[in-house]
Amino acid sequence: MSRLLAGSAGPDLDLHVERHGPVPLLGAVRPGRLGRLAGQVAEAGLRGRGGGWFPTARKLAAVAGHARGRPPVVVVNAMESEPLSAKDAHLLAVAPHLVLDGASLAAETIGAGRVVLAVRADGRALNLLAAERFRRGADPVRIEVHQGPDRFLAGQESALAGWIDGGPALPTTRRPYERGVDGRATFVGNAETLAHLALIARRGPAWFRSAGTTEAPGTLLVSVSGPGVRVREVPVGTPVGEVAEPGAAVLLGGYGGAWLPGDRAGALPLAPEPLRAAGATLGAGIVSVLPYGTCGLAHTASIVRWLASQGARQCGPCLFGLPALARDLSGLAAGTAGGTVVDRLRGRAAVIPGRGACAHPDGVSRLVTSALQVFADEVEAHLGSRCRAATETFQKTG
Ligand code: SF4
């Protein structure tokens, strides 16, 4: 089933309007109020596709509730700083006007006076599109396109709001819905979420709910990797085995996600709650298959080394905990660690979560814990000497 990607018009605004109809703008509300679309979004049960799966209507209401008489800001988050995710870039390439429609609809629903689209890649083509849309009256507010820094954490909401304000792209304890860009209440919405919102505004909540699950209606974009990354659109709840080839293990939710054994993952539905119950996470819809014959421990060690280098080193877990996890896991994978390394890894991964100002360390701990469980046989093989698959994986990943 394809809703966002079907009949994509690319950058052609006339073709987009021919296929989807004009964007149904109703007029901006006063700051502090909520437009009618917010009720439709609540009825539709739309949840954020950026990884948190938070109800979009509640987020819109929270921003409106903190406006304090000043027009809020809308930020479209297409930073996609997770290396295994390709869906937002793909969506902006094939259906950019759906995302921009959603941004304008969200803006008028909360009475926003500024709209920013943040992308990781070159934003010049999107900037031309935004100019054309404004000239032709498709957007009441001219959408600014900003190219953000290419860092893992740059897409985190508080980091993004701080960077748009001219600061470093580092997570802070600031909550953008209270005080974000320009010190104003800021709605930060993932690009895919806003594209869904644009379709809900046109087709209604019942149509949106006709796909997906009761708790998480609609479709989602999935980035399936190994080898290469493909983007697919499927109803929420589609079994993992229907989107990905079988493999030794599957990493769900990306670098801050969790491994599941390949024979168990195939039957699990791609939906946030069932995956959480299985010890994994859906995140931004990332499914990465570990091919048979590849060492999952060595592969995870290279990911954790990279993640440890991406921490902002502002909090204890990033400064000390993640480098220690990376060191021990690399030692284990290389067969050079002592017999106590597994207990040390388990202990650290258990105490790190919840201690940083953002969830980055929690994700790394989850990844390490799942690797020790799913690759338990490899852990045994590595204690003392390298396994053959590890040697080959090390040669590929460095
Ligand atoms: S936990 Fe790490 S990434 Fe998050 S805010 Fe603290 S130092 Fe930055």
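Remember, it's 1-based here, ligands and their atoms both numbered in the order they're listed. All heavy atoms count here, side chains included; hydrogens, waters and symmetry mates do not.
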Only distances under 3.5 Å count here; give the side-chain donor-acceptor pairs of residues 114-131 to other protein atoms, sequence neighbours excluded, each with its distance to 0.1 Å.
unit_1	atom_1	unit_2	atom_2	d
R114	NE	E144	OE1	3.3
R114	NE	E144	OE2	2.8
R114	NH1	D182	OD1	3.1
R114	NH1	D182	OD2	3.0
R114	NH2	E144	OE1	2.9
R120	NE	M79	O	2.9
R120	NE	E80	O	3.1
R120	NH1	D150	OD1	3.3
R120	NH2	E80	O	2.8
D122	OD1	R124	N	3.0
D122	OD1	R124	NE	3.2
D122	OD2	R124	NE	3.0
D122	OD2	R124	NH2	2.5
N127	OD1	R142	NH1	3.3
N127	OD1	R142	NH2	3.4

Side-chain donor-acceptor pair under 3.5 Å between H16 and D101, yes or no?
yes
L319: hydrophobic cluster co-members (side-chain, 4.5 Å):
F320
Could you tell me if R276 sits above the aromatic ring of W53, with its cationic atom closer than 6.0 Å to the ring centre and no more than 45 degrees from the axis?
no
Only distances under 3.5 Å count here; give the side-chain donor-acceptor pairs of residues 58-73 to other protein atoms, sequence neighbours excluded, each with its distance to 0.1 Å.
unit_1	atom_1	unit_2	atom_2	d
K59	NZ	E157	OE2	2.6
K59	NZ	V188	O	2.7
H66	ND1	A62	O	2.8
R68	NH1	H66	O	3.4

Within-2.8 Å protein N/O/S contacts of atom 4 (Fe) of ligand 1
C358 SG
In terms of hydrophobic clusters joined by side-chain contacts under 4.5 Å, are V304 and V374 together?
yes
